[in-house]
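Down below is the structure, laid out as structure tokens.
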Amino acid sequence: ADVGDGHMRHLTRTLLGLVIAFVGVVALTSAASAHVLLYQAAPNGDGTVTLTFTFDHGCDDSPTNHLEVSMPAGSTALRAEGPSGWAAEVDTHKVTWSGAGIQPSSEGIFTLTARLEGDIGESLFFPTLQQCENGGSYDWKDLSSTSERPAPSLVATASVLSASTASAATVETGGADLRTVLLVLLAACVVAGIATRVAVKRA
């Protein structure tokens, strides 16, 4: 029985070691497949929004020296900023940053101010091309978050959409604002008051 218990303990330790090794491989794979992310969308209160893109890896061991973000259909890029020493080129539908290579272990921060068009609740995608000094690149353009190369994205809310889009979306969804509700209630009260007076006079 002792021999059997010894074999069981040895087998258990072996299986545990394999599980730990497997978890380590999965962790390394996840780290190696980190994405370019749309980290933040901050409304500016004037119908524009400032988007912050970031990444924390290059192409294998090669630094990133170029980033190119395309806008969703109907949206407009206005201005952009990048890390120190990087130049930004703003087109209506695309923003390109180029500069000194950012090491794979360092974080790159890129901001873009834009007017976003779309419907409330719609997913807006920003296909992104990341290029590195060794000539390698990642094309983050897939429209699924579970894909190997997902495009940075956000879910549109009234606060990040341009004022005209947000208003149109509110009308289309049949939403009633507070002022409309109050006016309807006031009208109902007036009608009820008149009806009561008429009834009292008749009585």
Inset, instruction - Just do the ring pair (Phe, Tyr, Trp, His ring centres under 6.0 Å) check on Trp140 and Phe126 with the steps written out, would you? - result: CA-CA 9 Å; Trp140 308 98; Phe126 300 80; over 10 Å; no
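- Of all the heavy atoms in Thr96 and Glu68, the pair that sits closest is OG1-CG, 3.7 Å.
- With rounding to the nearest 0.5 Å, the separation of CZ in Arg79 from CG in Leu112 is 9.5 Å.
- In this model, a donor atom of one side chain and an acceptor atom of the other lie less than 3.5 Å apart for Asp46 and Thr48.
- Between the OG1 atom in Thr64 and the CH2 atom in Trp97 there is a gap of 13.0 Å [rounded to 0.5 Å].
- The two atoms that bring Cys59 and Ser137 nearest to each other are SG-N, 3.8 Å, heavy atoms only.
- Classification of the Phe55-His57 ring pair by plane angle, with boundaries at 30° and 60°, yields perpendicular.
- Counting only distance, with no hydrogens or angles, the side chain of Ser162 and the backbone of Arg115 share no donor-acceptor pair below 3.5 Å.
- Side chain of Thr50 to main chain of Thr113: no donor-acceptor pair is present (N/O by atom type, distance under 3.5 Å, no hydrogens or angles).
- In this structure, Ser62 contributes its side chain and Asn134 its backbone to a donor-acceptor pair below 3.5 Å.
- Hydrophobic clustering, with ILVMFWY side chains joined whenever heavy atoms are under 4.5 angstrom apart, groups Val95 together with Trp86.
- A donor-acceptor distance shorter than 3.5 angstrom exists from the side chain of Ser147 to the backbone of Ser144, with no hydrogens or angles considered.
- Formation of a donor-acceptor pair under 3.5 Å by the Ser153 side chain with backbone atoms of Leu124 is not found in this model.
- Looking at every heavy atom in both residues, Leu161 comes nearest to Gly118 through CD1-O, 3.5 Å.
- Counting only heavy atoms from C-beta outward, the side chains of Ser75 and Leu116 approach each other to under 4.5 Å.
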